[in-house]
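Just so it is clear, the values below take in all heavy atoms, side chains as well, and ignore hydrogens, waters and symmetry mates. Since the model is a prediction, treat every value here as computed from it, not as a measurement.
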Amino acid sequence: PTPAPPPQITLAFGGDVHFAGRTLKLLDDPATAFGPVAGIFTAADLAMVNLETAVTTRGTPEPKRFHFRAPPSAYDAIKAAGIDIVSLANNHTLDYGRVGLEDTIAHAEQAGVPFVGVGRDDAQAYAPQYFDVKGVKIAILGLSQVEELWSRWAAKPDRSGMAYAMELAKATAAVKAARARADVVIIYMHWGLE
């Protein structure tokens with residue numbers, strides 16, 4: 001007998017998403033915030049974006065030029081658009097410091113939105129999220145390679161923060177551990193120039 005072919009899986013990835021400045025008013029109706037692109041995410045078996053903002057109303061701005069912040073309804077918009085997971089490993093999640101990061105994590109947990117790339121310590125920041133899609137186990141990790149404030153924002157065993165590709169030993173160990181448990185490993189990387 002001929003073995004069954006592997007399942008066909010559709011993955012949808014979006015880039016940088018935030019609700020600051022001119023895009024904030026999209027959250028007046030979170031169910032429609034993503035407009036017609038939501039259909040692409042909803043149709044996919046697994047959909048992901050980079051949520052490039054702190055989800056907080058608190059905190060002190062970090063010493064950098066641009067600061068993005070969004071209310072908790074950002075996660076309502078994510079869910080309504082059919083997005084299954086967000087990466088928070090980017091150069092804006094800690095724009096309002098660790099207080100803002102704690103709120104960003106807590107609001108994601110309260111909304112039931114899986115995230116990768118940040119954590120209350122380095123173990124959580126480098127931990128993957130796992131999905132079973134049509135019998136295929138998929139692991140997703142989030143890493144940033146943006147150097148701005150990275151040593152200040154990096155997650156440590158005793159400090160909340162972000163997962164970075166520059167922490168090569170931690171990043172490599174995370175990928176290897178995910179590969180031991182998953183059929184497919186996806187590393188969602190935030191990098192490059194503006």
Side-chain angles (χ1 to χ4, degrees), residues 4-56 66 68-93 95 104-119 125-146 162-163 165 174-175 178-179 181-194:
Q8 182 173 341
I9 296 171
T10 302
L11 307 174
F13 297 97
D16 302 347
V17 170
H18 69 73
F19 297 98
R22 66 184 174 84
T23 58
L24 176 60
K25 46 185 197 176
L26 292 171
L27 292 180
D28 289 348
D29 184 3
T32 64
F34 279 83
V37 76
I40 295 169
F41 294 132
T42 303
D45 295 307
L46 187 61
M48 180 176 191
V49 298
N50 173 47
L51 185 57
E52 194 165 17
T53 186
V55 180
T56 186
F66 297 107
F68 297 156
R69 138 173 21 222
S73 58
Y75 289 121
D76 297 331
I78 292 289
K79 289 174 71 172
I83 296 165
D84 301 295
I85 180 171
V86 296
S87 177
L88 296 173
N90 59 63
N91 55 309
H92 288 287
T93 300
D95 277 359
T104 302
I105 291 170
H107 291 310
E109 291 171 344
Q110 290 165 3
V113 174
F115 63 89
V116 290
V118 298
Y126 287 88
Q129 290 282 350
Y130 292 95
F131 295 87
D132 188 312
V133 180
K134 298 180 182 178
V136 177
K137 190 161 192 179
I138 299 174
I140 300 179
L141 296 105
L143 297 170
S144 179
Q145 194 171 315
V146 176
M162 192 166 300
V175 172
R179 183 63 183 106
R181 294 185 51 199
D183 302 307
V184 175
V185 178
I186 297 169
I187 299 106
Y188 192 103
M189 181 77 71
H190 190 68
W191 61 281
L193 301 174
E194 288 288 339

J.: Checking the side chain of Lys79 only, and the main-chain atoms of Val113 only, is there a donor and an acceptor separated by less than 3.5 Å?
T.: no
J.: Measure the CD1-CD distance between Ile186 and Gln129 for me, rounded to the nearest 0.5 Å.
T.: 12.5 Å
J.: Measuring from atom CG of Leu141 to atom CE of Met189, what distance do you get when rounded to the nearest 0.5 angstrom?
T.: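 The CG atom of Leu141 sits 10.0 Å away from the CE atom of Met189.
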J.: Taking all non-hydrogen atoms of both residues, which atom of Ala80 and which atom of Ala31 are closest, and how far apart?
T.: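 Of all heavy-atom pairs spanning Ala80 and Ala31, the closest is CB-CA, 3.7 Å.
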J.: Going from NZ on Lys25 to OG1 on Thr23, what distance comes out if it is rounded to the nearest 0.5 angstrom?
T.: 10.0 Å
J.: Walk me through it: do His190 and Val146 pass the test side-chain contact (heavy atoms from CB on, under 4.5 Å)?
T.: CA-CA 7 Å; His190 190 68; Val146 176; 3.6 Å; yes
J.: Should the pair Phe13 and Tyr188 be assigned to parallel (<30°), tilted (30 to 60°) or perpendicular (>60°) ring geometry?
T.: tilted
J.: Report the residues that fulfil side-chain hydrogen bond (donor to acceptor under 3.5 Å, both in side chains) with Thr32, sequence neighbours left out, ordered by chain and then residue number.
T.: Asp29
J.: Show the nearest heavy-atom pair for residues Phe41 and Ala81, with the distance to one decimal.
T.: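 Of all heavy-atom pairs spanning Phe41 and Ala81, the closest is CB-O, 3.2 Å.
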J.: Nearest heavy-atom pair of Ala178 and Ala139: which atoms, and what distance?
T.: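 Minimum heavy-atom contact is CB-CB, 3.8 Å.
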J.: I want to check something: taking the side chain as every heavy atom from C-beta on, are Ile78 and Val86 in contact at a cut-off of under 4.5 Å?
T.: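 Ile78 vs Val86: side chains touch.
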J.: Starting at CZ of Phe19, measure out to CD of Glu52 and round the result to the nearest 0.5 Å.
T.: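 With rounding to 0.5 Å, CZ (Phe19) is 12.5 Å from CD (Glu52).
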J.: Is there a donor-acceptor contact under 3.5 Å from the side chain of Asp84 to the main chain of Ala47?
T.: yes
J.: Evaluate the criterion side-chain contact (heavy atoms from CB on, under 4.5 Å) for residue pair Ile187 and Val175; output intermediate values, then yes/no.
T.: CA-CA 8 Å; Ile187 299 106; Val175 172; 3.9 Å; yes
J.: Nearest heavy-atom pair of Lys134 and Pro7: which atoms, and what distance?
T.: O-CG, 3.6 Å
J.: Using side chain to side chain contact (heavy atoms under 4.5 Å, CB included) as the criterion, point out the one residue from Thr53, Val116, Val55, Thr93 that pairs with Leu88.
T.: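 Single pass found, and it is Thr93.
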J.: Does the side chain of Phe115 reach to within under 4.5 Å of the side chain of Thr104, using non-hydrogen atoms?
T.: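 With C-beta onward as the side chain, the pair stays apart.
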J.: Drop me the distance from Trp191's CH2 to Ser144's OG, to the nearest 0.5 angstrom.
T.: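 If we round to the nearest 0.5 Å, Trp191:CH2 and Ser144:OG are 12.0 Å apart.
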J.: Determine whether Tyr75 and Leu51 satisfy the following criterion, side-chain contact (heavy atoms from CB on, under 4.5 Å), listing intermediate values before the conclusion.
T.: CA-CA 9 Å; Tyr75 289 121; Leu51 185 57; 3.6 Å; yes
J.: Please report the closest heavy-atom contact between Ala89 and Ala163, naming both atoms and the distance.
T.: CB-O, 4.1 Å
J.: Between atom CG of Leu11 and atom CG of Asp45, what is the distance when rounded to the nearest 0.5 Å?
T.: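 Rounded to the nearest 0.5 Å, the CG-CG separation comes out at 7.5 Å.
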J.: Applying side chain to side chain contact (heavy atoms under 4.5 Å, CB included) between Leu46 and each of Val136, Ile83, Thr10, Ile138, report the one that passes.
T.: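 Testing each of Val136, Ile83, Thr10, Ile138 against Leu46, the sole residue satisfying side chain to side chain contact (heavy atoms under 4.5 Å, CB included) is Ile138.
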J.: Would you say Asp76 and Ser73 are linked by a side-chain donor-acceptor pair, where the criterion is simply a distance under 3.5 Å?
T.: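 The answer is no; no qualifying pair exists.
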J.: Step by step, work out the side-chain contact (heavy atoms from CB on, under 4.5 Å) result for Val17 and Phe34.
T.: CA-CA 10 Å; Val17 170; Phe34 279 83; 3.8 Å; yes
